[in-house]
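Hydrogens, waters and symmetry mates play no part in the numbers below; they use all other heavy atoms, side chains included. Every number for a ligand or one of its atoms is a count from 1 in the order of the listing.
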Amino acid sequence: MNRLFCVVPCYNEQEVLPETSKRLEAKVKELIASGKISSDSRVLFVNDGSKDETWNIIKKLHEENEIFQGINLSKNMGHQNALLAGLMTVKDICDAAISLDADLQDDINAIDEMVDKFNEGADIVYGVRSKRATDTFFKRFTAESFYKLINSMGGKTVYNHADYRLMSRRALLALSDFGEVNLFLRGIVPMVGFNTDVVYYERAERFAGESKYPLKKMLSFAIEGITSLSTKPIKLITSLGFFIFFISIIALIYSIAVHFYGHTEPGWTSTLVSVWAIGGLIMISLGVIGEYIGKIYLEVKSRPRFIIQDYVADDKDRAKAENIYTRDI
Ligand code: UDP
Ligand code: MG
């Protein structure tokens, strides 16, 4: 039978963890009882450098019940890296792993269907939101425009899918071959391939605590997503350059014509406007190119994407884990 891991990144989630762990435990036990997953299936919490009691709660959960495991990152590395840390830790010890958020906004009842589809042969099962009724208008609007924008730029993301998905062991192993430091998982996972399927669910509201994705983080996440999946923005700049060049030729012909017909104007306004407009365009263009050069810089250094300082789990799982920098104090 198949061993399932639920991987849950947690950043300052002390308010939700007691409830989340209860619900996940019930879900995993129910799946074990119905014979869909093996009895040594686990829930793995990844503490992403939380400043509150999150890690202590995770350690306590593990001590009280071996169904829970935890890894502790050396500092806050961000949602995507925390998720990857969890997935890479379980890739050799599970048959399938499901990633989900600590606030359980993603309906855990969809797990049954994900596991069914996995048992029927799917390697990646995407959780897709059927509606966004509980999100604010603003969040819904920004999120949906983001999906459209990223797909029009050539990225292949699954519409209305966040990071709620099941991946089989071989999909995880394939994912581990993608070495990029600029990590945008929901854009990379579709590149892995294999058999894929989709499960629909309704997204609930966060039952406690606050969103860890304020507008600023959301925007940088969007820029990260676009620039790590597509080079179209650079091509757009080239087209823009041609367009401006074309306009300048028209302006040249116009000014020569005006010169010969004797209506020459002082030309102050047009000069001023074009200086500012072209100056602005050049700055934007340099900014976009800089964004990519910054990415190349980070990739070239190939720094570790996460650093794990602790892994609390059964001895046999711990023995298989690699690159854990534990220290007894
Ligand atoms: N998260 C994380 N590291 C961060 C920010 C968020 O591990 O730096 C986790 C967080 O604990 C949660 C998930 O990522 O489990 C999604 O965050 P949140 O629910 O705040 O985002 P939203 O649902 O509002 O988009
Ligand atoms: Mg949330």
Q: How about H62 and F68: are their ring centroids closer than 6.0 Å?
A: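 Ring-ring flag for H62/F68: false, centres at least 6.0 Å apart.
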Q: For the residue pair E113 and Y200, establish whether any side-chain heavy-atom pair is separated by less than 4.5 Å.
A: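 Contact flag for E113/Y200 side chains = no.
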Q: Which protein heavy atom lies closest to atom 18 (P) of ligand 1, and at what distance to 0.1 Å?
A: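 That would be R206 NH2, 3.4 Å.
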Q: Can you tell me the protein heavy atom closest to atom 21 (O) of ligand 1 and the distance?
A: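 Nearest neighbour among protein heavy atoms for atom 21 (O) of ligand 1, to 0.1 Å: Y213 CD1, 3.3 Å.
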Q: Looking at atom 25 (O) of ligand 1, what's its closest protein heavy atom, distance included?
A: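 I find the closest protein heavy atom is K139 NZ, 3.1 Å.
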Q: Counting only heavy atoms, which portion of C10 has something under 4.0 Å from ligand 1: side chain, backbone, both, or neither?
A: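 It is the backbone that touches ligand 1; the side chain stays farther off.
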Q: Do E25 and K29 sit within salt-bridge range, that is, some charged N less than 4.0 Å from a carboxylate O?
A: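 Looking at K29 together with E25, the answer is yes, because their closest N to O distance falls below 4.0 Å.
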Q: M88 and F306: which non-hydrogen atoms are nearest, and at how many Å?
A: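 Closest approach of M88 to F306: CB-CZ, 4.0 Å.
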Q: As an exercise, identify every atom of ligand 1 less than 4.0 angstrom from a heavy atom of D103.
A: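 So the atoms of ligand 1 that pass are 19 (O), 23 (O).
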Q: Output, in order, the C-alpha distance, side-chain angles, deciding distance and verdict of ring pair (Phe, Tyr, Trp, His ring centres under 6.0 Å) for Y201 and Y164.
A: CA-CA 10 Å; Y201 69 95; Y164 186 27; 5.1 Å; yes
Q: In the protein, what heavy atom is nearest to atom 16 (C) of ligand 1, and what distance, to one decimal place, separates them?
A: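 For atom 16 (C) of ligand 1, the nearest protein heavy atom comes out as D101 OD2, 3.3 Å.
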Q: Just to confirm my output: which protein heavy-atom neighbour is closest to atom 24 (O) of ligand 1, and how far is it?
A: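 Of the protein heavy atoms, S211 OG, 2.6 Å lies nearest.
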Q: Got the closest protein heavy atom to atom 8 (O) of ligand 1, with its distance?
A: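 Protein heavy atom at minimum distance: N76 ND2, 3.2 Å.
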Q: Would you mind running through ligand 1 and noting each atom that sits below 4.0 Å from a heavy atom of Q105?
A: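 Matching atoms, with element in brackets: 19 (O), 23 (O).
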Q: List the closest protein heavy-atom neighbour of atom 3 (N) of ligand 1: residue, atom name, distance to the nearest 0.1 Å.
A: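 Checking every protein heavy atom, the shortest distance to atom 3 (N) of ligand 1 gives D48 OD2, 2.6 Å.
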Q: So which protein heavy atom does atom 14 (O) of ligand 1 come closest to, and at what separation?
A: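 Of every protein heavy atom, H79 CD2, 3.2 Å lies nearest to atom 14 (O) of ligand 1.
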Q: Under the criterion salt bridge (Lys or Arg N to Asp or Glu O under 4.0 Å), which of R170, K117, R169 is the partner of D123?
A: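 The single option meeting the salt bridge (Lys or Arg N to Asp or Glu O under 4.0 Å) with D123 is R170.
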Q: Of all the N, O or S atoms in D103, which one sits nearest to the Mg ion (ligand 2)?
A: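 Distance check against the Mg ion (ligand 2) picks out OD2 in D103.
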Q: Between R42 and D40, is the salt bridge (charged side-chain N to carboxylate O under 4.0 Å, His left out) condition met? List the steps.
A: CA-CA 6 Å; R42 297 280 182 269; D40 58 352; over 6 Å; no
Q: Can you see which heavy atom on F194 is nearest to which on A171, and at what distance?
A: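 Closest approach of F194 to A171, heavy atoms only: CE1-CA, 3.8 Å.
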Q: At less than 4.0 angstrom from any non-hydrogen atom of E13, what atoms of ligand 1 do you find?
A: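 Counting atoms of ligand 1 from 1, those under 4.0 Å from E13 are 10 (C), 11 (O), 12 (C), 15 (O).
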Q: Check ligand 1 against A102 and write out every atom of the ligand that is under 4.0 Å from a heavy-atom position of the residue.
A: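 This gives 15 (O) as the contact atoms.
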Q: Exactly one of N76, N81, T54 should register a side-chain hydrogen bond (donor to acceptor under 3.5 Å, both in side chains) with D48. Which one does?
A: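 Checked N76, N81, T54 against D48; only one passes side-chain hydrogen bond (donor to acceptor under 3.5 Å, both in side chains): N76.
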